[in-house]
Amino acid sequence: MARGKLRIHLGAAPGVGKTYAMLSEAHRRVGRGTDCVVGFVEHHGRPRTEVMLHGLEQVPRRELEYRGGVFPEMDLDAVLARRPQVALVDELAHTNVPGSRNAKRWQDVEELLAAGIDVVSTVNIQHLESLGDVVESITGVRQQETVPDEVVRRADQVELVDMTPEALRRRMAHGNIYQPDKVDAALSNYFRPGNLTALRELALLWVADRVDAHLTQYRSEHRVSAIWGSRERIVVGLTGGPEGRTLIRRGARLAEKGAGGEVLAVYIARSDGLTSASPKELALQRTLVEDLGGTFHHVVGDDIPAALLAFARGANATQIVLGSSRRKTWQYVFGPGVGATVARESGPDLDVHIVTHDEVAKGRGLPVARGARLGRSRRVWGWIAGVAGPPLLAVLLNTVDLGLANDMLLFLALTVAAALLGGLLPALASAAVGSLLLNYFYTPPLHRWTIADPKNIVAIVIFVAVGVAVASVVDLAARRTHQAARLRAESEILAFLAGNVLRGETGLEDLLERVRETFGMESAALLERAGDVEPWTCAGRVGRGRPVERPDQADVDIPVGDHMALALTGRVLPAEDRRVLAAFAAQAAVVLDRRRLQEEADRARTLAEGNRIRTALLAAVSHDLRTPLAGIKAAVTSLRSEDVEWSEEDHAELLEGIEEGADRLDHLVGNLLDMSRLQTGTVTPLIREIDLDEVVPMALGGVPEGSAGLDVPETLPMVAVDPGLLERAVANLVENAVKYSPPGAPVLVAASALADRVEVRVVDRGPGVPDEAKERIFEPFQRHGDAPRGAGVGLGLAVARGFAEAMDGTLDAEDTPGGGLTMVLTLRAAGTRPELHPAAEPERQAS
């Protein structure tokens, strides 16, 4: 069955019109004959949105009971049974009521997609999981309901529903989003112009990044090599010289002039060693470019201008920043230089900036190392000098008589020049042609191939020998230089790889991207299999090249052990590159093993924590729960005894003991169950607005009368909490405080408002807790001081803090002035809760 397609309407804030746009699309599809139903859409009392529901088939909702209330949710089974072509599912990040099949609505959507049903949904930018911290820093509100970024990124279509902050605030003021009594609070809090502008920018940038990813994929699939200047990407070419920092800063300023600009600093290490870079300087420049928000890239290329242009076009760059040449004036006789060559060959789609700096025309500072294998142009000129040079020299010497010795020296100089230009073979050709011409034109008898004077034979033999010797020395020097330069380039790459490890850059995909980038390949993948006859699987892959399922399908494959291989596509690498590539392959295997070991360690840590909790639970059951059970058992046995005649007072006392033991047992078991729920992450608060004076007095019902006082003003703002969890948390705090308070010193429970929060303080006059132990008392199964067995399992404060954090609150311990301990429970006021504030509850108030 083909998987359904997901379309998401993404907005920056509630009220921008996501639900309206989704319903409008549904009407268009129905008009075209598409079978479209409403799985779940909430209009939140907005008349215009409610009208859009008319004419659309709505699947009846499922009603679930939770904590005494009835809540409607999407009936997933009914939608699956109906099997429409398209289902509308609002509020993708919504958390389902406990008792639903899935915890989150996006998981319901995944089931619909797997069943082949297309889904149209909505989500706000603040509900993306990766942006939680950013949104909290902007708005001061932590989003409790989130959706993984990958769920939204996998959507087949993401449509941005946009609206300016001014227009959105006007809609709010006109009552088109929230009820009139909530408008003023919303406009002065969450819907401030600065908040809306920042959220809008987040949404625009997120969508722009996704569009850029689709553009890159399209260019790869259609093999588009031309640059499309959809956004500014600045490539900064580095040589490792001190001018690099100037170029990086200039590139960063250019990127700032256009929204969404990127800076990519690239250092091209030539295998022929024509340049020498300072590793220390490169490290400084790497740090600088990363601090400025750019990325650093290390590429190997024999032809620096070609490699730089290939990198820029592969990154879809729009501008290249290069420094003015450091070469002195006389050095330009050897060529125009990298900057001029890049500018000439960049074409109309790449702008090249040549930036002046303090190092212009000061020389490179390090000697130039002549290259590995001689370039094609040098070999051509070597053969011209070796084959055509001797005849031309002979023609010139025929016009003037310099003597045989001078003629031989000139031919020898030409042989040396051919060796310097083209290496051994052109020099041997020059020596052979030169010796024949010397014999024919300048040794008696002239113009004949014979030699009359034996001395001339010796001279010609020496000439040939010297020419061969010089050519051999030059060729050997070139080979040694090549080896040294190659080893230097390899050492730079290996040092860079080691630096990545030391810096903690151990992501497998990051390492594969470095391999692909360094060797200029289209794709890189790490393949593995369980055995010799098992199929290959891909542990990680980057790049846009053709997919590789087996190592023999790749252009280059490097085995790593018996059942793992690094596979690259794009071109065939020379043999000398495989040595460095083997180091990358070994490191990739280590990174993969490390990742799996880390995953196993995380699982082991989770199991160990679970075992610790279970061990503590068993200890609690075996010791602390035995006391009330033993008391109940003894009282019941006494009452049933026929040998003793109990008075009415004794009878009442035994019944009271049974009741107290049962109450203690109920309290201990309740805390154990609550801690188990907290440890397994199954506590899902049902948040609603409530006054503290409706909940806090109920929390004092479990303590003796007169042991606790209450001070909760009626003027306090409402809080957004789960009443049941709040009652349990306050009850645990009060019971703990009463336990340690001296006789005649009742515990005080007081509440007060502070900015956008409400504080509940439980104050006792007991012995207090030292500062170093204030955090430890909130850990499970911890009892402070010499609290005896039977005083509890040490879970009350841990459960209270867990419940407080589940309601987006905090619980801390402070010293009571004059002695004692104060527990401070901080809760958000109703107007600032993400789930209930009209401007901060995009889940349930989505447009």
Derivation of the side chain to side chain contact (heavy atoms under 4.5 Å, CB included) call for Val41 and Leu23: CA-CA 9 Å; Val41 171; Leu23 293 174; 4.3 Å; yes
From CZ (Arg105) to NE2 (His94), nearest 0.5 Å: 4.0 Å
Steps toward side chain to side chain contact (heavy atoms under 4.5 Å, CB included) verdict (Asp162, Val16): CA-CA 6 Å; Asp162 190 28; Val16 296; over 6 Å; no
Whether over 12 other heavy atoms sit under 6.0 Å from Arg48 CZ: no
Arg171 side, atom CZ; Met163 side, atom CE - distance, nearest 0.5 Å: 4.5 Å
Side-chain donor/acceptor of Arg83 to backbone N/O of Ala115, under 3.5 Å: yes
Stepwise side chain to side chain donor-acceptor pair (under 3.5 Å) check, Thr569 with Asp555: CA-CA 5 Å; Thr569 63; Asp555 295 319; 5.1 Å; no
Cation-aromatic face contact Arg61/Phe40, 6.0 Å, 45 degrees: yes
Backbone N/O of Gly4 and side chain of Asp118: donor-acceptor pair under 3.5 Å: no
With Phe311 via ring pair (Phe, Tyr, Trp, His ring centres under 6.0 Å) - residues at least two apart: His297
Distance (rounded to the nearest 0.5 Å) between Thr146 OG1 and Glu129 CD: 4.5 Å
side-chain contact (heavy atoms from CB on, under 4.5 Å) partners for Glu166, two or more places apart: Thr164, Arg170
Which residues share a side-chain contact (heavy atoms from CB on, under 4.5 Å) with Val59, sequence neighbours left out: Val37, Ala78, Val79
Glu549, CD atom: more than 12 neighbouring heavy atoms under 6.0 Å: no
Contacts of type side-chain hydrogen bond (donor to acceptor under 3.5 Å, both in side chains), residue Arg29, not counting sequence neighbours: Glu25
Residue list, side-chain contact (heavy atoms from CB on, under 4.5 Å) with Asp691, at least two apart or on another chain: Asp693, Glu694, Met718
Pair Glu73 + Arg62: basic N to acidic O under 4.0 Å: no
With Asp35 via salt bridge (charged side-chain N to carboxylate O under 4.0 Å, His left out) - residues at least two apart: Arg82
Residue list, side-chain hydrogen bond (donor to acceptor under 3.5 Å, both in side chains) with Gln107, at least two apart or on another chain: none
With sequence neighbours excluded, residues passing salt bridge (charged side-chain N to carboxylate O under 4.0 Å, His left out) with Glu727: none
Separation between CD of Glu42 and CE of Met74, rounded to the nearest 0.5 Å: 13.5 Å
Heavy-atom donor-acceptor pair, Asp108 side chain to Leu76 backbone, under 3.5 Å: no
side-chain hydrogen bond (donor to acceptor under 3.5 Å, both in side chains) partners of Arg550, counting only residues at least two apart: Asp552
Straight-line distance of Leu199 CG to Leu204 CG, nearest 0.5 Å: 11.0 Å
Atom pair CG (Asp75) and CD (Glu63), whose distance is rounded to the nearest 0.5 Å: 11.0 Å
All side-chain hydrogen bond (donor to acceptor under 3.5 Å, both in side chains) counterparts of Gln58, not counting sequence neighbours: none
Any side-chain donor near an acceptor of the partner, His127 and Glu91, under 3.5 Å: no
Backbone of Gln126 reached by a side-chain donor or acceptor of Asn124 within 3.5 Å: no
Residues which pass side-chain contact (heavy atoms from CB on, under 4.5 Å) with Ser24, listed by chain and number, not counting sequence neighbours: Tyr20, Arg28, Met52
Polar side chain donor-acceptor pair, Thr95 to Glu145, under 3.5 angstrom: yes
Verdict with reasoning, Phe71 to Leu686, per side chain to side chain contact (heavy atoms under 4.5 Å, CB included): CA-CA 11 Å; Phe71 302 90; Leu686 185 61; 3.0 Å; yes
Partner set under salt bridge (charged side-chain N to carboxylate O under 4.0 Å, His left out) for Glu50, not counting sequence neighbours: none
N/O donor-acceptor pair under 3.5 Å between Glu201 side chain and Thr197 backbone: no
Donor-acceptor pair between Asn96 and Asn102 side chains, under 3.5 angstrom: no
Salt-bridge criterion met for Lys18 and Glu159 (N-O under 4.0 Å): no
